[in-house]
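Just so we're clear, the structure is a prediction, and the values are computed from it rather than from any experiment. Each chain gets a letter, A, B and so on, in the order its sequence line appears, and its residues count up from 1.
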Amino acid sequence: MIRIAGLIKQFGPFAALRGITAEFAAGSLYVILGDNGAGKTTLLRSIAGLARPTRGSISILGNSEVRDACRDIGYMAHPSLLYDEMSGMENLRYFAGLYGISDDGRSENVIRGVDLDPALTRPVGQYSQGMRQRMSLARALLHDPKILLLDEPFSNVDYRSALEMVKLIAQLRDSDKTILLVTHQATLLEDVADEFVWMEAGQIVSRTRELKLLETR
Amino acid sequence: MTLSTITRATLMKDLRLEWRSKDAINAMLFFALLVVVVFSFSFDPNAEESRQIAGGLVWVAFLFAAVVALNQTWARELRNQVLDAYRVSPAPANSLFLAKAIGNFVFVGVLEALMTPLFIVFYQLRAVGPVWQLVPVAVLGTWALVVNGTFFAAVSIRTRSREIMLPLLLFPISIPAIIAMVNATTAILTGELSIRVWIVLLATYDVVFTIACLLFFEMVLHAE
């Protein structure tokens with residue numbers, strides 16, 4: 001469960017978030033939509049603890065300090081957050097160590113879970129963009145977090161792979177994870193999303209279960 | 001999950017990345033080699049003059065070359081914003097700092113090991129004092145450079161002209177350590193004075209700045 005109260009985030013004179021108050025329940029998939037610059041990424045970064053609120057508060061699973069809940073958060077950013085010079089497996093083994101996970105097959109399973117081959121030895125820098133996105137999702141899933149923050153997971157992913165990712169995301173939601181997903185490809189998630197959240201100029205202006213209700217915007 | 005486990009894992013990762021790319025080592029070696037060659041053509045000292053100036057030349061060359069490696073340290077973490085993956089993890093900030101500082105110590109140590117014989121040849125150096133004393137001077141001096149260098153390289157990563165910002169921050173604060181390193185090295189080469197006071201100064205400098213860097217690094221890591 002995520003509770004946000006009066007969240008304001010300013011970068012100098014520019015307010016990226018303007019007083020967001022919202023709750024996101026466990027076991028639900030929220031698709032965050034909005035034009036470029038609406039504040040979607042800043043909202044995810046604030047919840048992940050990467051952007052400190054200028055005002056307001058964020059409570060995650062009862063923790064008022066985001067840092068205390070970092071083990072429960074999986075964050076997938078627009079860039080891959082992976083070392084280009086290392087293979088996918090080497091990357092995941094390193095990140096598993098940061099979470100104190102003794103890697104007895106966990107990394108392999110997660111890589112298989114995103115439909116990649118754990119035996120792939122070539123460095124991530126030589127992956128296609130789609131493969132990199134899936135490896136990035138694997139990194140976010142590595143420590144089995146209760147909350148997943150996914151920033152544009154389908155960008156540059158081919159249609160078939162995107163559908164596979166949607167299936168996986170639906171399964172994760174069904175296993176009681178809270179998922180906040182920023183995308184410009186909302187139709188991919190029409191059948192699985194629990195709620196569509198529309199942001200505009202740093203504010204949540206609409207929340208609805210039906211994507212078509214947002215289509216007039 | 002302990003500080004030492006994550007420090008070791010991060011250090012091994014950095015050594016592996018450097019082994020594959022050789023970005024820092026190649027840049028440092030090339031730079032230091034240029035300094036040695038250019039200085040050797042610029043001056044034509046006799047043996048006694050060499051002993052007097054070599055301490056300064058050696059450490060200035062290592063300092064400038066170290067800056068090249070220090071700039072690479074964090075640049076690697078900025079590609080694909082990998083640093084954010086560390087920031088959202090529960091791993092302690094100081095593990096990252098220590099791993100980076102130890103990694104830089106290794107890189108600069110390798111540079112020193114490779115360049116020192118060249119200095120000896122180009123400047124026809126023969127120490128009058130006890131040569132073994134160069135080892136503690138090199139260890140303490142190198143740590144003095146890399147501990148502050150790693151910290152200030154982290155401070156400057158988010159600035160637009162970080163290649164210029166790092167020396168601007170690092171060189172003034174390194175002056176006491178450089179004075180100690182140069183004087184200790186010259187004293188060993190000429191055999192004229194005791195180096196005890198310089199060793200004590202270097203050790204004190206290392207302890208003070210290591211503690212200060214560890215205290216403030218978390219703030220630097222999570223700064224926006």
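Residue A:Gln129 places its CD atom among more than 12 non-hydrogen atoms of other residues, nucleotides or ligands, all under 6.0 Å distant. Shown here is B:Phe30, whose CZ atom has no more than 12 heavy atoms of other residues, nucleotides or ligands within 6.0 Å. Heavy-atom contacts from other residues, nucleotides or ligands closer than 6.0 Å to NZ of A:Lys167 number 12 or fewer.
For A:Arg93, no part lies under 4.5 angstrom from a heavy atom of chain B. For a residue to count as touching a neighbouring chain, one of its non-hydrogen atoms must lie under 4.5 Å from one of that chain's; by this rule B:Thr10 touches chain A with backbone and side chain alike. Using a 4.5 Å cut-off between heavy atoms, A:Tyr83 touches chain B through backbone and side chain atoms alike. Of the atoms belonging to B:Arg87, heavy atoms from both backbone and side chain fall under 4.5 Å from chain A. With a threshold of 4.5 angstrom between heavy atoms, A:Asp84 approaches chain B through its backbone and through its side chain.
Looking only at heavy-atom pairs under 4.5 Å with chain B, the residue among A:Arg132, A:Met86, A:Arg67 that has the most is A:Arg67.
Nearest heavy atoms, B:Arg20 versus A:Ser87: NH1-N, 4.4 Å. The two residues B:Val88 and A:Cys70 make their nearest non-hydrogen contact at O-CB, 3.3 Å. Between A:Leu82 and B:Val82, the closest heavy-atom pair is O-CG2, 3.4 Å.
Considering CD of A:Glu90 and CE of B:Met12, their distance stands at 11.5 Å, rounded to 0.5 Å.
Judged as a salt bridge (charged side-chain N to carboxylate O under 4.0 Å, His left out), the pairs with a partner in residues 12-35 of chain A (not counting sequence neighbours) are, in order, A:Arg3-A:Glu23.
Proximity to chain B among residues 40-58 of chain A is limited to A:Arg45, A:Ala48, A:Leu50, A:Ala51, A:Arg52, judged by heavy-atom separations below 4.5 angstrom.
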